[in-house]
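Working notes, structure below.
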Amino acid sequence: MDSSNSTGTRTSKVRIITIHLLTLFAVYISYNNFLLFHISIESFGITIIAAMLIIAMNTYHVSKNHYFMFLAIAFGFIGLFTFAHTLTYKGMAIFPDISANIPTQLYIITKYMTTISLVFSFRYLQRKLSIRKVVIVYSLISVGLFLSVFYWGNFPDCFIEGYGLSPFKIISEYVNVVILFVAMGLLLKYKASFHPKVFKDLLFSMVAGILASLAFTLYTDVYGFSNMLGHISQLTVFYFIFRGLVETCLKNPYEFLYFNLSQANGDLQKMNGQLIDYTVRIEAQQEELGTAYKKIQEGIDKAKKIHESFLPKALPRVKGISSEYYYKPASDLGGDFLNVQQIDDKLLIYIVDVSGHGLDGAILNIFIRENINKYLLTCQRENREVLPKDILSFLISQYAKEEFPDEYYICMLVGILDTKTNNFIYSNAGMHITPFVVNDKGELTRLDSPGLPIIAGFNFHLFPYTDQSIDLTEKFTILLTTDGLVEEMNEGKMYGEERLIKILLDNSQKSAKEIVQTIKMDFLGFLGKGQSKDDITYLVIKGSGKG
């Protein structure tokens, strides 16, 4: 038996035994000291709420998990009412003049706030959260409810001494059961947005919440048996919330915060299946990759030929514009790729840096080229304008269909240069070395543009790609490069952007070919006898005027 599975099974058994023992212990305490039982249950819930809030506040800037952040804020305010409910409970003697009605009112407020917040939380699976607005809304609601209970005294009675639960309290419990069923329906609808463990635990917590509400409709004594059952169910709610959101986040933060990025779904057979699929769709070149995968060394050689054949043999010749590129893989087979294609009076330019430097890198490069060509044909048939952001959106939508392993990614920058107007439109997907532009006055500009890499799990509808635009001078120089050039290290020193910028500014009046050669010779001098650790890929586009 696999040792990890065995360990997981033992941990699960210990967890189950512990839960049963704690439950029995809670029942025992409730019969001997109900007040201690009540304080323990509510204190556990308040602790869970505090943990949710602390974790959410300290991880939100990285995770951008709007759903979890909304719940944490909501439960933070719910915790205030839970704390007040605990302090005012019958027998605490902190506020001796307060009847059993007030803590029951505070409890029903926490119940309504919990169930309604659970329903509203699902809107933030696909929407950006405004923390300030949510805090203001919950603050106003909380102040109004506290005043209604403690100052105005107009909150409906929930417990009547000598009689028991009021009709309002009983009806409210059933209303909350209905709301929880709505929340469960939404949870099932958006199941794909949750990690399976989190989904299961949230579902169990809602079921436990329903049982708690039903139990809380029956008691006539705040120390009675039905009240005890309700609090045990409430303890179960807190436990599943803890296990589903807090414990998962603490033990596996990467898996929790980046669920769509952390599902391992690629093994050798799956990779082979993808390769065979590509060999069918990319004709003879993919057939070579299929053969390459069966005979490792022979396959690498063939894959290298395919990758090199995809690199442009010659760049388009346009009056007043010249271009030149340099490419050198770090190993036998590289992961970088670039291309320049002429589309009427425009040049489509893209430079790519993919994960992997073997067969996987070749597959991703084939995927990029074939899908860009497919998109261009579609635009031609439908007489649609080609825009960089639309190319990236199409690529990520096609990428999601292929089920690539989560550890793979594509960084690329796409640009379209209008050779008539010198307008350059560009969009970025994770390339942190953005293009350099030198104008006819020798001034350098960085074409910064935000954008996430093409990677499994990202919802591009939530993080859409955008286009940026710049009007170039009649004479200009554009340099696009992957990170391998500037991040190369030798004897503890990095080649760096400053060195590259200086070369570009000093040689901006030269031709594209001369600039490429100058950078190449300088880089080789920096590298010495060493071997570059990453692919070296860069492209220079030169506008020399229309005259």
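Just so you know, these numbers use all the heavy atoms, side chains as well, and skip hydrogens, waters and symmetry mates.
Ring geometry for Tyr190 against Phe122 counts as parallel: the plane angle stays under 30°, on a 0 to 90° scale with 60° as the upper cut.
Here the closest heavy-atom approach between residue Val486 and residue Met494 is recorded as O-CG, 3.0 Å. Here the closest non-hydrogen pair linking His432 and Arg446 is O-NH2, 4.3 Å.
Phe146 and Phe81 have their aromatic ring centers within a separation under 6.0 angstrom.
In this structure the side chain of Ser449 never reaches within 4.5 angstrom of the side chain of Thr434, judged on heavy atoms.
Distance check, rounded to the nearest 0.5 Å: CD1 of Ile48 to CZ of Phe75 gives 10.5 Å. Taken from CE in Met206 to CG in Leu187, the straight-line distance is 5.0 Å, to the nearest 0.5 Å. Here CG of Asn371 is found 5.5 Å from CZ of Phe394. Values are rounded to the nearest 0.5 Å. Separation of atoms CG (Asp157) and CZ (Phe168) is listed at 9.5 Å; rounding is to 0.5 Å. Rounding to the nearest 0.5 Å places CD1 of Ile368 at 12.0 Å from CD1 of Ile391. Separation of atoms CG (Asp535) and CG (Leu485) is listed at 12.0 Å; rounding is to 0.5 Å.
Annotation for Glu382: atom CD counts as buried by contact number, over 12 foreign heavy atoms lying within 6.0 Å. Applying the 6.0 Å contact sphere to CZ of Arg127 captures no more than 12 heavy atoms from other residues, nucleotides or ligands. Heavy-atom contacts from other residues, nucleotides or ligands closer than 6.0 Å to CZ of Phe83 number 12 or fewer.
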Side chains of residues 133-145: which donor-acceptor pairs under 3.5 Å do they make with residues two or more places apart or in other chains?
from: Tyr138; atom 1: OH; to: Ser117; atom 2: OG; distance (Å): 2.5
from: Ser139; atom 1: OG; to: Val135; atom 2: O; distance (Å): 2.6
from: Ser142; atom 1: OG; to: Tyr138; atom 2: O; distance (Å): 2.7

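Scored by the side-chain hydrogen bond (donor to acceptor under 3.5 Å, both in side chains) test, Ser172 finds Tyr112 as partners (sequence neighbours excluded).
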